Amino acid sequence: MRRKLIAGNWKMHGSLADIGTFVDGWGDASKVDADWLVCGPFPYLPELIKRLVPLGIAVGAQDCSAQASGAYTGEVSAQMLADIGVSHVILGHSERRAYHQESDALVLAKVKQALAFGLTPVVCVGETLVQREAGETDAVVVAQLEAIIHALTDAELQQLIFAYEPVWAIGTGLTATPEQAQAVHARLRASLAERSEALAVEMRILYGGSVKAENSAALFAMPDIDGGLVGGASLTAQDFLAIGHSME
Ligand code: 13P
């Protein structure tokens with residue numbers, strides 16, 4: 001059975017002081033039946049690993065290079081992330097697709113690098129408001145998903161997590177209704193099932209886009225929503241933990 005995952009994406013937020021405040025504010029998560037993950041900015045990953053892993057929170061990055069190593073100034077390789085103890089990496093986030101022109105092909109190359117070094121890729125898909133209003137949601141997200149899954153083996157696919165993040169719901173306070181999100185998650189799972197029923201049953205698909213404690217219980221109660229990828233509400237321990245407690 002799929003276990004829920006509550007994943008935070010700190011984006012370009014936080015400081016060493018904020019990490020201390022987060023750790024001090026973290027409470028008792030023992031009753032929350034879910035895995036926890038925080039994806040932090042590169043410079044803070046060692047500190048996050050030192051302070052959060054003992055609390056039962058895995059630590060991920062928000063991107064990695066599509067290259068293995070070499071003369072790529074400013075890039076961070078999957079091997080380096082694995083070397084310091086990072087376990088997950090968000091790939092294909094809509095902010096990277098939009099601001100860094102990341103194509104499906106580039107996201108795939110990054111996924112392959114992550115897999116080669118044992119990192120769990122959290123691959124994001126999602127439609128813009130224009131695409132939703134044009135009735136293109138399913139076509140857009142399925143194309144993004146299939147660009148990745150077609151190029152990987154079943155064994156590689158077993159290592160993946162997907163996240164459905166409607167672009168219009170990110171940081172806007174607009175959340176997809178549980179029914180809207182469920183419909184897309186079910187469509188994504190159907191695409192996975194065309195590849196392999198077993199894979200579709202096992203694959204965790206997170207929802208992201210203005211998730212907070214006030215809406216998480218209803219979203220996570222949907223049959224194909226396996227947790228959340230949380231931006232703003234992952235920045236404080238109280239808000240983040242409250243999302244877990246909302247499931248109790
Ligand atoms: P918000 O939760 O701030 O809308 O961000 C969602 C997101 O992009 C997580 O990756």
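Since we're looking at a predicted model, the values are computed, not measured. Atoms within each ligand, like the ligands themselves, are counted from 1 in listed order. These numbers come from the heavy atoms of this one structure, side chains and all, not from hydrogens, waters or symmetry mates. Residues: numbered from 1 along the sequence shown.
In this structure, the ring pair (Phe, Tyr, Trp, His ring centres under 6.0 Å) partners of His185, at least two apart in sequence or on a different chain, are Tyr164.
Separation of the Trp10 and Phe240 ring centroids does not fall under the 6.0 Å cut-off.
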Taking only distance into account, with no hydrogens and no angle test, what donor-acceptor pairs under 3.5 Å do side-chain atoms of residues 133-147 form with protein atoms, sequence neighbours excluded?
unit_1	atom_1	unit_2	atom_2	d
Gln144	OE1	Gly126	N	2.8

Donor-acceptor list for residues 104-118 side chains, cut-off 3.5 Å, not counting sequence neighbours:
unit_1	atom_1	unit_2	atom_2	d
Asp104	OD1	Arg97	NH1	2.7
Lys110	NZ	Asp63	OD1	2.8
Lys110	NZ	Asp63	OD2	3.3
Lys110	NZ	Cys64	O	3.4
Lys110	NZ	Glu102	OE2	2.7

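No side-chain donor-acceptor contact under 3.5 Å links Asp24 and Thr21.
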What short N/O contacts, under 3.5 Å, does ligand 1 make with the protein, listed by atom pair and distance?
unit_1	atom_1	unit_2	atom_2	d
ligand 1	2 (O)	Ser210	N	3.4
ligand 1	2 (O)	Gly231	N	2.9
ligand 1	3 (O)	Gly232	N	2.9
ligand 1	4 (O)	Gly171	N	2.6
ligand 1	4 (O)	Ser210	N	2.8
ligand 1	5 (O)	Lys11	NZ	3.2
ligand 1	8 (O)	Lys11	NZ	2.8
ligand 1	8 (O)	His93	NE2	2.8
ligand 1	8 (O)	Glu165	OE1	3.3
ligand 1	10 (O)	Asn9	ND2	3.0
ligand 1	10 (O)	His93	NE2	2.9
ligand 1	10 (O)	Glu165	OE1	3.2
ligand 1	10 (O)	Glu165	OE2	2.8

Determine, stepwise, if the pair Arg187 / Asp224 fulfils salt bridge (Lys or Arg N to Asp or Glu O under 4.0 Å).
-> CA-CA 10 Å; Arg187 182 67 192 82; Asp224 289 297; over 6 Å; no
